[in-house]
Amino acid sequence: MRALSHLDALEAESIHILREAVAESERPVLLYSIGKDSSVLLHLARKAFHPARLPFPLLHVDTTWKFREMISFRDHTVEELGLTLLVHQNPECVAQNINPFTHGSAVHTDMWKTQGLKQALDKYGFNLAFCGARRDEERSRAKERIFSVRSPQHQWDPRRQRPELWKLYNARTAPDESIRVFPLSNWTELDVWIYIYREQIPIVPLYFAAPRPVVRRSGTLIVVDDDRMPLEPDTKPELLRVRFRTLGCYPLTGAIESTADSVPEIIAEMLVTTTSERQGRLIDADSSGSMERKKLEGYF
Amino acid sequence: MADAACTISHRVDEYLRGLRNLDLLRFIACGSVDDGKSTLIGRLLYESHLIFEDELATLKVDSARLGTQGGAPDLALLVDGLAAEREQGITIDVAYRFFATDHRKFIVADTPGHEQYVRNMVTGASTADLAIILVDARKGVLTQTRRHSYVVAMLGIRHVVLAVNKLDMVGYSAEVFDRIVRDYRTFAEAIGLAKITCVPTSARYGDNIVTPSTNTPWYQGPPLLRVLETVEVDTTAAARRPFRMPVQMVNRPGSEFRGLCGPVVGGTIRCGDQVCVLPSGHVSRIARVVGCDGDMPGAVAGQSVTVVLADDMDVGRGDVLCAVAAPAIVADQFDATLIWMGEERLLPGRPYRIKIGTRVVDATVTELRHRIDVDKMIRVPATYLELNQIGLCALQADRTIVFDPYLDNRDTGGFIIVDRITNNTVGAGLVRTALAPSRNLHWQALDIDKSARARLNGQRPCVVWLTGLSGAGKSVIANLLEKRLHALGRHTYLLDGDNVRHGLNRDLGFTEAERVENIRRVAEVAALMVDAGLIVLAAFISPFRADRDIARRTVAAGEFCEVFVDTSLAAAEQRDPKGLYRKARRGELLNFTGIDSPYERPTDPDVHIDTSKQSPEEAVDAIVSWLRVHSLLD
């Protein structure tokens with residue numbers, strides 16, 4: 001028999017991780033952010049437990065500022081695959097109308113995402129959460145374990161990480177601690193795209209180039225997704241052919257000009273790309289090392 | 001447009017086909033602090049064009065602020081991920097990096113050289129096919145180099161690349177390179193490393209990293225990246241081994257389907273093949289290999305699969321499916337090499353949880369045969385293992401494990417050791433051999449048993465275990481309690497810490513290991529007395545949670561009452577009935593609990609006595625009422 005390809009090896013590793021986590025956890029959940037990595041993670045989870053249904057629900061920590069197409073894709077996916085979806089919106093943020101324009105990206109992200117996620121995990125009592133983060137995304141993620149223990153306050157302590165050897169994962173915790181599990185740890189952005197192509201995995205259409213109304217904010221192209229976006233009186237969005245390499249809250253997610261409207265074209269574009277995918281994320285640019293700080297506070 | 005898309009699609013297809021032929025090399029880079037590991041990995045990423053423009057821009061800003069290269073881009077900053085390490089200039093944790101060339105994909109574990117972080121190196125090495133060992137050309141082979149090489153050999157990594165780095169600092173001297181290579185080979189051969197390639201490099205200036213350097217005309221070998229691309233990785237080796245599949249879980253969506261899920265960690269399997277299920281030894285056949293898009297004809301090592309057996313039998317998580325012709329070993333006593341990674345020492349006799357494959361059992365080290373002094377390459381006698389120490393041990397598990405010797409199969413021969421209280425991974429083990437039981441000990445079945453004796457006594461036997469600091473009042477409370485029980489017509493016996501040390505345990509001192517043994521013996525004696533039908537009162541400082549747990553588990557469930565006699569250190573020290581605290585403070589008593597030896601407070605005692613609020617009489621009331629509530633007293 002031929003040796004496994006790199007992609008087959010990654011797939012097998014992820015399935016092993018998903019099964020191991022479910023076997024050792026009482027209340028697992030899959031954090032579903034609707035992006036391409038979540039799509040791949042969901043696909044792998046379905047493979048891991050086929051022909052049974054997913055032995056855990058999906059949790060979407062919503063900020064009310066996601067692209068509308070993301071929400072409709074989410075709902076469509078859940079319905080088509082017969083999944084259980086939980087949606088959590090931080091009620092404090094709803095009450096105070098927290099938004100990136102008035103409160104800035106740091107407060108917005110902390111309140112909606114970091115605090116919102118902690119609330120949701122506590123509310124449902126999940127003690128293990130799958131997440132589609134990859135080690136190649138950012139420097140501090142490269143150092144995180146696949147099974148990562150969080151304190152009762154959901155914090156990550158890089159100095160107290162457990163050694164992780166062979167295929168042996170340790171999911172045991174004290175009753176109030178929890179575990180984050182990253183089955184895509186060893187995947188790269190390119191691996192994700194090639195796998196999407198090979199497996200024909202559906203993704204949000206925002207990843208494909210299309211004419212969209214765009215304004216320029218601090219050198220980044222922001223798509224005006226709805227009328228909540230405050231515009232200078234004489235600013236008019238221009239219609240540009242753009243797509244996204246990564247998806248988040250629409251006012252905080254930069255688009256790139258592109259003509260790639262199919263997965264092969266995206267892969268072709270990637271092979272000559274010169275910027276990293278997180279460049280489109282305004283929240284990382286707050287300061288160097290800012291992702292690490294967010295992780296310490298409990299964000300992914 | 002359609003044509004263009006077609007062309008692109010065709011090109012991507014071609015690219016994907018190319019990818020199918022790419023294999024994967026996992027390697028680790030290890031060396032001492034300042035050998036230039038991070039710079040080397042940064043250089044490999046940089047040279048294989050995996051550094052994006054925005055990352056390079058951040059790097060330039062960071063280099064000006066933190067760099068050690070006089071404002072030039074400091075490539076080490078690309079991989080020194082955590083803010084803390086960037087500021088200290090050291091790599092404190094293992095980081096994984098990814099890059100690819102046209103020949104191969106690579107996953108790199110950047111492992112720290114810092115002495116106290118060797119456990120991270122073992123983590124990185126456990127999944128690696130190859131190790132790069134960095135040596136600073138100015139310093140040569142160091143203790144750290146030997147330690148890392150030893151771990152690499154022990155973990156069964158077959159290929160080693162010795163990168164003699166910072167060669168620019170010694171004027172690209174061939175003599176220096178040759179001398180270091182000679183030193184290293186002498187050592188490496190002694191520890192069984194066979195395939196060693198030596199490359200003279202300067203990661204900082206890129207000499208012999210991707211292209212041959214003009215600075216080393218005396219070196220005829222390939223540059224480092226070329227070595228990584230061409231070193232033979234035997235990806236089919238795992239497939240040639242006997243079939244092994246640890247069962248992770250049973251997939252049972254309804255009564256008509258029962259699939260066994262797990263990774264194939266050895267060999268191949270085809271539908272119709274016979275397999276045996278260990279440890280039970282039952283034999284069946286593979287009826288189906290289930291895939292998402294229909295059944296598959298078989299599976300190979302490296303895949304995660306779901307199989308259905310032809311016979312309906314009891315198989316679950318922790319079992320291992322094996323080739324009938326070459327089954328794994330089943331044993332509950334075995335020899336293993338342990339690498340200790342816990343902050344607290346490994347102590348023989350203390351129970352730990354071990355995970356091997358998907359099987360989790362409790363096990364204790366019954367004998368620490370010797371420790372290995374990696375620096376001197378000698379075996380030394382030892383009574384414990386400390387963080388980063390390696391030893392050869394005999395272990396006894398409470399149930400059987402299914403394994404292969406580690407050097408035959410990493411995935412069925414490697415295990416982790418988990419602390420039962422903190423849940424941390426505190427060690428790694430490599431199984432060597434099963435131990436034939438050296439003594440044929442059997443339990444003598446007796447006709448008169450515990451319940452018969454208890455009936456005659458008219459009471460339910462149990463252990464009341466009082467723990468607390470010296471001078472907390474344990475003995476006082478235990479004495480009062482015994483008088484109370486005696487008055488109630490109960491048969492009791494009081495085991496007191498000081499008294500036991502005059503007789504049964506007079507050979508024991510107060511080191512951590514001796515304290516563990518002290519409590520183990522007391523627990524055994526208490527259990528015998530419970531078996532004899534007595535209510536046993538035990539008053540012992542018993543500072544370690546793990547040891548109190550042993551005492552609890554020595555008797556049956558429901559027969560143990562942990563009483564925490566809680567006094568502040570200040571109050572106990574003020575009371576000081578035996579003058580021991582004063583001695584300890586003067587340094588005349590070593591390993592004194594509370595002074596220079598820790599006391600681990602019970603997290604969930606059955607009875608919690610606060611001596612600042614409760615008198616000894618009230619404490620006895622509380623204990624008696626607990627015994628009544630739990631039906632140990634009428």
Side-chain angles (χ1 to χ4, degrees), chain A residues 1 3-9 11-13 15-16 19-20 22-23 46-53 135-136 138-143 158-159 161-168 170 172-174 185-186 188 194 197-198 261-265 267-268 271 273-276 279 288-289 292-293, chain B residues 5 8-9 11-12 15-16 19-20 22-24 52-55 58 61-62 81-83 92-98 105 107 119-120 122-123 126-127 235-236 239 248-249 251-253 257 261 263 268 290 292 300 302-304 306 317 341 355 358 410-411 414-416 418 423-425 428:
Chain A
M1 238 179 248
L4 294 183
S5 77
H6 176 249
L7 222 47
D8 290 329
E11 179 188 73
E13 181 186 62
I15 288 174
H16 175 75
R19 288 171 173 172
E20 203 58 18
V22 165
R46 292 178 63 234
K47 277 198 172 189
F49 302 105
H50 172 85
R53 292 163 56 90
R135 284 173 174 156
D136 79 325
E138 208 269 344
R139 282 186 292 196
S140 76
R141 281 192 176 158
K143 306 226 159 180
R159 287 177 186 271
Q161 297 208 86
R162 293 173 176 173
E164 205 158 70
L165 298 110
W166 301 292
K167 294 186 176 74
L168 299 173
N170 176 1
R172 286 180 190 266
T173 61
S185 286
N186 288 328
T188 63
I194 296 173
Y197 182 56
R198 186 181 93 169
D261 57 6
S262 69
V263 174
E265 286 173 85
I267 295 173
L271 297 177
T273 192
T274 56
T275 55
S276 74
Q279 196 209 22
S288 190
E292 184 187 345
R293 206 154 39 241
Chain B
I8 285 169
S9 174
R11 268 172 40 209
V12 171
Y15 178 72
L16 280 171
L19 264 193
R20 287 201 186 118
L22 285 193
D23 57 11
L24 172 67
F52 292 117
E53 277 177 2
D54 55 318
E55 289 176 326
T58 310
V61 173
D62 285 353
L82 304 178
I92 57 168
D93 202 342
V94 60
Y96 294 90
R97 303 286 159 193
F98 310 86
K105 282 231 169 199
I107 298 180
R119 60 181 162 189
N120 292 324
V122 174
T123 299
S126 74
T127 51
T235 48
T236 52
Q248 280 187 287
M249 57 192 299
N251 187 328
R252 196 186 224 168
F257 183 86
C261 304
T268 58
V290 182
C292 246
V300 61
Q303 286 182 306
S304 284
T306 301
R317 179 168 169 82
M341 302 173 167
K355 182 174 183 184
T358 57
R410 276 181 180 186
D411 292 310
F415 60 90
I416 55 171
V418 176
N423 293 308
N424 285 329
T425 305

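The sequence lines fix the lettering, A, B, ..., with proteins before strands; numbering per chain opens at 1.
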Which answer fits [X], side chain, backbone, both or neither, if we ask what part of it has an atom under 4.5 Å from a heavy atom of chain B?
{"X": "A:Thr173", "result": "backbone"}
{"X": "A:Val263", "result": "neither"}
{"X": "A:Arg46", "result": "backbone"}

Does the side chain of B:Thr358 reach to within under 4.5 Å of the side chain of A:Glu20, using non-hydrogen atoms?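 They are in side-chain contact.
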Are the side chains of A:Thr188 and B:Lys105 in contact, using a 4.5 Å heavy-atom criterion?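 When only atoms from C-beta onward are counted, A:Thr188 and B:Lys105 do touch, with a gap below 4.5 Å.
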Report which part of [X] has an atom under 4.5 Å of a heavy atom belonging to chain A: side chain, backbone, both, or neither.
{"X": "B:Asn251", "answer": "side chain"}
{"X": "B:Arg317", "answer": "side chain"}
{"X": "B:Ile416", "answer": "both"}
{"X": "B:Phe257", "answer": "side chain"}

Within this structure, what is the [atom1]-[atom2] distance for the pair [X] and [Y], rounded to the nearest 0.5 Å?
{"X": "B:Arg410", "Y": "A:Lys167", "atom1": "CZ", "atom2": "NZ", "answer": "9.0 Å"}
{"X": "B:Gln248", "Y": "A:Arg19", "atom1": "CD", "atom2": "CZ", "answer": "6.0 Å"}
{"X": "A:Glu164", "Y": "B:Tyr96", "atom1": "CD", "atom2": "OH", "answer": "7.0 Å"}
{"X": "A:Leu165", "Y": "B:Thr425", "atom1": "CG", "atom2": "OG1", "answer": "7.5 Å"}
{"X": "A:Leu168", "Y": "B:Phe415", "atom1": "CG", "atom2": "CZ", "answer": "10.0 Å"}

Choice from B:Asn424, B:Thr127, B:Val418, B:Thr306 maximising heavy atom contacts with chain A below 4.5 Å: B:Asn424
For B:Ser304 against A:Ala12, the heavy-atom pair lying closest together: OG-O, 2.8 Å
Identify the two heavy atoms, one from A:Trp166 and one from B:Ser126, that lie closest to each other, and give their separation to 0.1 Å. N-OG, 2.8 Å
Exam field: side chain A:Asn170 to backbone B:Asn423, donor-acceptor pair closer than 3.5 Å: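 Yes.
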